[in-house]
Amino acid sequence: MAEPKKSIVGDQLNEVVQSCKQGWAVLRHQGPSALQFWFIALLVGIAAGLAACGFRIAIEWLQGVLYDAKDIRSLQELITDLDWYFILTIPIMGGLITGAILHHFTPDGRARSVAEVIHGAAMNNGRVEKRAGLASAVASMITLSTGGSTGREGPVVHLAGVISSWVSGLIKADGITGRDLLGCAVAAAVSASFNAPIAGALFALEVVLRHFAVHAFAPIVIASVAGTVISRSVFGDVPEFVLPDGSVLGFYRELPAYLILGLLSGLVAVIMMRTVFWADNVGTWFQNAVGLPRWLRPAVAGLFLGAIAIFFPHIIGVGYGTTFAALTGEFLFYEAVVFTIVKVIAVAITMAGRMGGGIFSPALMVGALTGLAFGMIATSIFPEVSGTLTIYALAGMGAVAAAVLGAPISTTLIVFELTGDWQLGLAVMVAVSLSSAVSSKLVDRSFFLTQLERRGIHLAAGPQAYLLSMFRVASVMRPPDHPRAAPEEECLAMVQDGIYLSPNATLEDAMPIFEDTNNIFLPVARLGPEGEAPVILGALFQVDALKQYSRALAATAAEEHS
């Protein structure tokens, strides 16, 4: 007799039961660990938010003491009442202190910022330098308080990275967990700096982690919200820039103007970035030419900044007062143009002087001034179809900043959350998209990635470009006692012909040699004193190098799509 067929309802019921059992197993074995990690993300977010708020308070307090300013937004007006020698001296003294700190606590005399955090996320399992990071935060705080013309967001992001690195070391986090914690800390710091929880979370994903993996989203959002709550508890729930009412977009008829503004903003962003890099090259040449000690380099930059501030006090500090004035159309056309040029020069001098600080706030200011100047031209040519100058300044602010950061999504959201105005999104998005497209073709995607590229760290092209540099030859080679080791005689012959690798070389160094020589292996040797035979440490086989590269690519892809 034939077996009775199971009913469709029975099959579905059995599938439901099995799914429930599997779900319960996942909840038992993985649920608590996930909840524990989210709790850690919350604590990291609170700590990073407190650090960001403390950094801002410290700058405002010290700036108020030095310039006798109760409100830093009115700092520019107060500085004009000071004696010229006072304005000149403060940045020089700040440069001396900054130079001494960075000279003693960093190996290269450079202040750490966002670029180092991106590097840590990509190539150091989510860790950044702790000692150099803390020193950089102090140096940047002094720089911004004594006349430096940069922003506070870069140092805050790295300071958050220091916090997450400490936690990662404490819990012995692996690479994925370390990167997720770094993203949590960065999101909280950015959120606390801008009162922008959405943009903070996306900034961490878009700029630092450079992927939008689902597994990282929940803890990063938790940390971002925590940072925002801390910020609002300290500074209140108000936008950074409160715009005047009546900002109206001429809609479709006016959109071509924002396309042109986007192109112009992209070019301005590229000019700004290249000016900074050119000034850094000039500063290094000057330092080497005159034998200037590296600890004096920030003081020389402070001298130039003080001289400029005597005539243009708006370059001092973060510059949100000037940015707000541009957003409200308080400048004449020639003032907006001149202030833009002077600000770019001041930022270049500050960064070339290795004084510390970030690039984002200056980009906001330059963008707002650029948009205002462009808006004055556009509204004078087509007054009957034009909106207000505020919209142009807002769109320019977002467009230049997005091009500099290489982060169109998070920058657009930061602009909205900074102003509290979500109605003008079309104009901002159009300008941001065009500026990002232009700048990405002329630099290595962003200011930060170009910084790293100049140091020989190739992150802009993606994992396929930098993963090889993460593996040292000594960790992949086959030692002489390996069952399939390379013949020692052949290795010695190749070394004598100059074809060999140092044990400290990376796979990035080895692959071009494989390609040029067509060898299946390369000896790894340590050369002794003249007259002594080289010591063969092993051999790197091309197949082993390719396997290691393939595994690294697979692991990266798995993390980014998990």
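Quick caveat: nothing in here was measured; it's all calculated off a predicted structure. Scope of the values below: all heavy atoms of this structure, side chains included, with no hydrogens, waters or symmetry mates.
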What is the minimum heavy-atom distance between Leu209 and Ala121, and which atoms define it?
CD2-CB, 4.4 Å

Note: Leu261 and Gly396 closest approach over all heavy atoms is CD2-N, 3.8 Å

Donor-acceptor contact present, side-chain Asp108 to main-chain Arg110, <3.5 Å
yes

Crowded around Met376 CE? As in, over 12 foreign heavy atoms under 6.0 Å?
yes

If you compare all heavy atoms of Leu66 against all heavy atoms of Ser145, which two are closest, and at what distance to 0.1 Å?
CD1-O, 3.6 Å

Any donor-acceptor pair under 3.5 Å from His104 side chain to Ala100 backbone
yes

The single option from Ile142, Leu305, Thr150 passing side chain to side chain contact (heavy atoms under 4.5 Å, CB included) against Met355:
Leu305

If we only count heavy atoms from C-beta on, is the Phe360 to Ile414 side-chain gap below 4.5 Å?
yes

When rounded to the nearest 0.5 Å, the distance separating OH of Tyr466 from CD1 of Ile457 is 12.0 Å

Is it true that the side chains of His158 and Glu116 contain a donor and an acceptor less than 3.5 Å apart?
no

Checking Leu134 against Leu159 for the side chain to side chain contact (heavy atoms under 4.5 Å, CB included) test, could you report, in this order, the C-alpha distance in whole Å, the side-chain angles of both residues, the deciding distance, and whether it holds?
CA-CA 7 Å; Leu134 292 174; Leu159 183 59; 3.9 Å; yes

Given 3.5 Å as the limit, does a donor-acceptor pair link the side chain of Arg112 with the main chain of Val128, or not?
no

Would you call the rings of Phe339 and Phe331 parallel, tilted or perpendicular if under 30° counts as parallel and over 60° as perpendicular?
perpendicular

Are Tyr392 and Tyr258 an aromatic pair by the rule of ring centers under 6.0 Å?
yes

With a 4.0 Å cut-off on N to O distance, would you call Arg56 and Glu60 a salt bridge?
yes

Is there a side-chain contact between Arg454 and Asp280 in this structure, where contact means two heavy atoms from C-beta onward sitting under 4.5 Å apart?
yes

Begin with the C-alpha distance, continue with both residues' side-chain angles, and end with the deciding distance and a verdict on side chain to side chain contact (heavy atoms under 4.5 Å, CB included) for Val415 and Met397.
CA-CA 8 Å; Val415 169; Met397 181 172 77; 4.0 Å; yes

State, with a plain yes or no, whether a side-chain heavy atom of Tyr320 is found less than 4.5 Å away from one of Leu364.
yes

Determine, stepwise, if the pair Val338 / Phe312 fulfils side chain to side chain contact (heavy atoms under 4.5 Å, CB included).
CA-CA 10 Å; Val338 171; Phe312 299 97; 3.8 Å; yes

Tell me every residue that passes side-chain hydrogen bond (donor to acceptor under 3.5 Å, both in side chains) with Arg179, counting only those two or more places apart in sequence or in another chain.
Glu559

Under 3.5 Å, is there a donor-acceptor pair between the side chain of Arg127 and the main chain of Ser165?
no

Met93 atom CE: more than 12 heavy-atom contacts under 6.0 Å:
no

Evaluate Ser410 against Glu206 for side chain to side chain donor-acceptor pair (under 3.5 Å), listing each step before the verdict.
CA-CA 7 Å; Ser410 52; Glu206 184 179 21; 2.8 Å; yes

In chain order, what residues pass the salt bridge (charged side-chain N to carboxylate O under 4.0 Å, His left out) check against Asp444, with sequence neighbours excluded?
none

Compare every heavy atom of Ala52 with every heavy atom of Ala189, then report the nearest pair and how far apart it is.
O-CB, 3.8 Å

Is the backbone N or O of Leu144 less than 3.5 Å from a side-chain atom of Gln63, with the two atoms forming a donor-acceptor pair by type?
yes

Measure the spacing between CD1 of Ile97 and CD1 of Ile92 and express it to the nearest 0.5 Å.
12.5 Å

Donor-acceptor contact present, side-chain Ser140 to main-chain Ala137, <3.5 Å
no

Without placing hydrogens or testing angles, list every side-chain donor-acceptor pair under 3.5 Å for residues 267-278, not counting sequence neighbours.
| unit_1 | atom_1 | unit_2 | atom_2 | d |
| --- | --- | --- | --- | --- |
| Arg274 | NH2 | Leu442 | O | 2.6 |
| Thr275 | OG1 | Ile271 | O | 2.6 |

Could you walk me through whether Leu88 and Leu303 pass the side chain to side chain contact (heavy atoms under 4.5 Å, CB included) check?
CA-CA 7 Å; Leu88 181 66; Leu303 173 63; 4.0 Å; yes

Side-chain contact test, heavy atoms from C-beta onward, threshold under 4.5 Å: evaluate it for Val342 versus Phe311 and give yes or no.
no

Indicate yes or no: at least one non-hydrogen side-chain atom of Val234 is less than 4.5 angstrom from one of Ile57.
yes

For Thr284, is there any backbone N or O sitting under 3.5 Å from a side-chain donor or acceptor partner on Gln287?
no

Mind checking whether Leu459 and Phe448 have side chains closer than 4.5 Å, heavy atoms only?
no

Calculate, to the nearest 0.5 Å, the distance between atoms CG and OG1 belonging to Leu202 and Thr412 respectively.
10.5 Å

Taking all non-hydrogen atoms of both residues, which atom of Ser265 and which atom of Thr370 are closest, and how far apart?
OG-CG2, 4.5 Å

Of all heavy-atom pairs linking Ala139 and Ile101, the shortest is CB-CG2, 4.4 Å

Using atom types as modelled and distance alone, determine if a side-chain donor or acceptor of Ser435 lies under 3.5 Å from a backbone N or O of Val432.
yes

Interatomic spacing from OG1 in Thr146 to CD1 in Ile59 - rounded to 0.5 Å
10.5 Å

Is there side-chain contact between Arg152 and Phe55, with at least one heavy-atom pair below 4.5 Å?
yes

Tell me, yes or no, whether the heavy-atom count around Phe304 atom CZ, taken from other residues, nucleotides or ligands under 6.0 Å, exceeds 12.
no

Would you please test Thr350 and Ser149 for side chain to side chain donor-acceptor pair (under 3.5 Å) and show each step?
CA-CA 6 Å; Thr350 306; Ser149 193; 4.9 Å; no

Distance (rounded to the nearest 0.5 Å) between Ile118 CD1 and Ser113 OG:
9.0 Å

Indicate yes or no for a side-chain donor-acceptor contact from Thr328 to the backbone of Ala325 under 3.5 Å, with no hydrogens or angles considered.
yes

CZ of Phe286: more than 12 outside heavy atoms within 6.0 angstrom?
no

Side-chain (Ser136) to main-chain (Ala111) donor-acceptor, under 3.5 angstrom
no

Quick check: do Leu102 and Trp295 have side-chain heavy atoms less than 4.5 Å from each other?
no

What's the spacing between Leu405 CG and Arg445 CZ if we round to 0.5 Å?
15.0 Å

